[in-house]
2 protein chains.
Amino acid sequence: MSQDLPDYQLPEAGKPLGALSVRVREDADLVQLLTTLRDAGAQVVAINTFPATRGERDVVRVYDFEIHDFDPAAAAQLLSGLPGVAKVEARNTLGQIFGKRVIVIGGGAQVAQVTLGAVSEADRHNLRGERISVDTIALVGEQNIADAVRAVADLPRAHILILAGSIMGGDITTAIGEIQAAGIPVIALNMAGSVPDVADLVVTDPVQAGTMAVMAIADTARFTLDRQRGRRY
Amino acid sequence: MSQDLPDYQLPEAGKPLGALSVRVREDADLVQLLTTLRDAGAQVVAINTFPATRGERDVVRVYDFEIHDFDPAAAAQLLSGLPGVAKVEARNTLGQIFGKRVIVIGGGAQVAQVTLGAVSEADRHNLRGERISVDTIALVGEQNIADAVRAVADLPRAHILILAGSIMGGDITTAIGEIQAAGIPVIALNMAGSVPDVADLVVTDPVQAGTMAVMAIADTARFTLDRQRGRRY
């Protein structure tokens, strides 16, 4: 059941979660920042690196750390005294703001219609306190799409995939099996090719496909993909 | 100019880029993995942590590393002999697959229409070899939206933001100034409130707003936001 997909980067009841944005000079050491957090007992679940773009003197880089099960203000305090650290800001994590992600991949016209359904349905759940975001990429070609399907397994907080096209098969079908094995369910539009044969659910109307995908991962919906597996609408 | 926004996580001519997906047992040490890569000369630009969901024996966790300016196959070789490492797979990076990101935030109805324009335009550029993805979240309330706007600065590969609503101001307007300072331009729909006064560009038609946002960050378009700054369409 997709609702049970474990995800270190989403909020979990009773465990503090927070992000630290660390603005550093040339002499800061990423490994020292990381070991300082780890030695204090913080579990680091994500690190991102950005160039410094605000024009501050000597600041060359920004490291973002997402930490789990540790007070972010205490963590900020720990890092602020380290060599090369210019400024530490405690922030919300991307999971707190953008939540679970619905991923839509396929042809532009159909991706747009699926997204219309998914965004409208996510809006209704987000109004009730959830955080569900809808992320898309329009691509053409079997290999490009198969590569993107495989990459969904590496996307933080991706909880369901919708394939929006008119004909898909071959290596895309193989890639679907791989991401299903990684715990990510797949909804396909009704289309030519072998993709509908392996999808967890097949939906003809793209707006409904987007809507059902959001319902499948929402905590505030009574729709479970397990009861729908293999059906076609 | 948004095209010039530096981004460590996007492909750069002449510099190899790759991701490593490292499946580990309980005794693997993230810091050892990281120092091994760094000591060999690889620049690590992102790390993500996932629970192991494939059911392999003893594998408890997956670390994804994105490395810059170093051969990913050589890096995989380096990590595969370390304690606790069950399997290392070389992968495409998220930047190679999903590219630059257009972020759309606001009310469901308008986010959906802006996204329709952005996805259709991204499709046309992706057909010519670019990678542009369109990511959305539908939210309500000044503070929720302001927090999401600020978090765009922490989103990997976010290159432009569109605010899609009917009335936005207050802290959202303050947050826009902060992300503009971080190098991310903002397009707003024509709407009530102070947000249009600070946006880089104001567009009345949501489909056109999405289209222009993609054109502004595409390498294959002749549209530069610098020449449009402050205009209203």
Side-chain angles (χ1 to χ4, degrees), chain A residues 5-9 19 21 30-31 34-35 38 44-51 53-55 64 91-92 94 96-99 101 107-109 111-113 115-117 119-120 122-124 126-127 131-140 144 147-148 150-151 153-156 181-183, chain B residues 5-9 19 21 30-31 34-35 38 44-51 53-55 64 91-92 94 96-99 101 107-109 111-113 115-117 119-120 122-124 126-127 131-140 144 147-148 150-151 153-156 181-183:
Chain A
L5 186 69
D7 196 329
Y8 299 141
Q9 296 186 23
S21 180
L30 172 58
V31 171
L34 181 59
T35 53
R38 191 195 54 172
V44 176
V45 294
I47 303 172
N48 271 291
T49 315
F50 299 90
T53 46
R54 285 192 208 155
D64 279 8
R91 306 272 264 261
N92 287 308
L94 296 177
Q96 287 171 316
I97 298 289
F98 299 104
R101 298 164 74 182
V111 168
Q113 293 306 310
T115 302
L116 192 150
V119 165
S120 302
D123 198 29
R124 302 173 78 218
N126 292 348
L127 279 164
R131 288 292 168 113
I132 296 173
S133 55
V134 182
D135 298 348
T136 76
I137 188 160
L139 288 171
V140 71
N144 283 338
D147 288 347
R150 290 193 171 92
D154 305 331
L155 276 180
Chain B
L5 186 68
D7 195 330
Y8 299 139
Q9 296 186 22
S21 180
L30 172 59
V31 171
L34 180 59
T35 51
R38 191 195 54 172
V44 175
V45 294
I47 302 173
N48 271 292
T49 315
F50 299 89
T53 45
R54 286 191 208 156
D64 279 9
R91 305 273 264 264
N92 288 307
L94 297 177
Q96 286 170 317
I97 298 289
F98 300 104
R101 299 165 74 182
V111 168
Q113 293 306 309
T115 302
L116 192 151
V119 165
S120 302
D123 198 30
R124 304 173 79 217
N126 293 349
L127 280 164
R131 289 291 168 113
I132 296 173
S133 54
V134 182
D135 298 349
T136 76
I137 188 159
L139 287 172
V140 70
N144 284 337
D147 288 347
R150 289 192 171 94
D154 305 331
L155 276 180

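Each chain gets a letter, A, B and so on, in the order its sequence line appears, and its residues count up from 1.
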Largest heavy-atom contact set with chain A, pairs under 4.5 Å, which of B/Leu30, B/Asn126, B/Val140: B/Asn126

Partners passing side-chain hydrogen bond (donor to acceptor under 3.5 Å, both in side chains) against A/Gln113 (at least two apart in sequence or in another chain): none

Per-residue contact mode, A/Asp154 against chain B (heavy atom under 4.5 angstrom): both

Proximal component of A/Gln9, with respect to chain B [non-hydrogen, under 4.5 Å]: side chain

Close side-chain approach of A/Leu155 to B/Leu94, heavy-atom, < 4.5 Å: yes

Nearest heavy-atom neighbours spanning B/Phe98 and A/Ala151: CE1-CB, 3.7 Å

Chain B contact via A/Ala19 - which portion, at a heavy-atom distance below 4.5 Å: neither

A/Arg150 versus chain B, the contacting section by heavy-atom distance below 4.5 Å: backbone

Choice from B/Ala46, B/Ser120, B/Pro51 maximising heavy atom contacts with chain A below 4.5 Å: B/Pro51

Over all atoms of both residues, closest heavy-atom pair of A/Phe50 and B/Tyr8: C-CE1, 3.4 Å

For A/Ile97 against B/Ala148, the heavy-atom pair lying closest together: CG2-CA, 3.6 Å

Residue of the set B/Thr136, B/Val134, B/Asp123 for which side chain to side chain contact (heavy atoms under 4.5 Å, CB included) holds with A/Thr136: B/Val134

Closest non-hydrogen atom pair between B/Ile137 and A/Ile132, with its separation: CG1-O, 3.8 Å

Side chain proximity check, A/Leu116 to B/Thr115, heavy atoms < 4.5 angstrom: no

Closest non-hydrogen atom pair between A/Ala112 and B/Val119, with its separation: N-CG1, 4.0 Å

Proximal component of B/Asn48, with respect to chain A [non-hydrogen, under 4.5 Å]: both

Heavy atoms from other residues, nucleotides or ligands near CZ of B/Arg38 exceed 12 (cutoff 6.0 Å): yes

Side-chain (B/Thr49) to main-chain (A/Val45) donor-acceptor, under 3.5 angstrom: yes

Test side-chain contact (heavy atoms from CB on, under 4.5 Å) applied to B/Asp135 and A/Arg101, step by step: CA-CA 9 Å; B/Asp135 298 349; A/Arg101 298 164 74 182; 4.2 Å; yes

Top contributor to chain B interface from A/Val31, A/Leu127, A/Val44 [non-hydrogen pairs under 4.5 Å]: A/Val31

side-chain hydrogen bond (donor to acceptor under 3.5 Å, both in side chains) partners of B/Asn92, counting only residues at least two apart: none

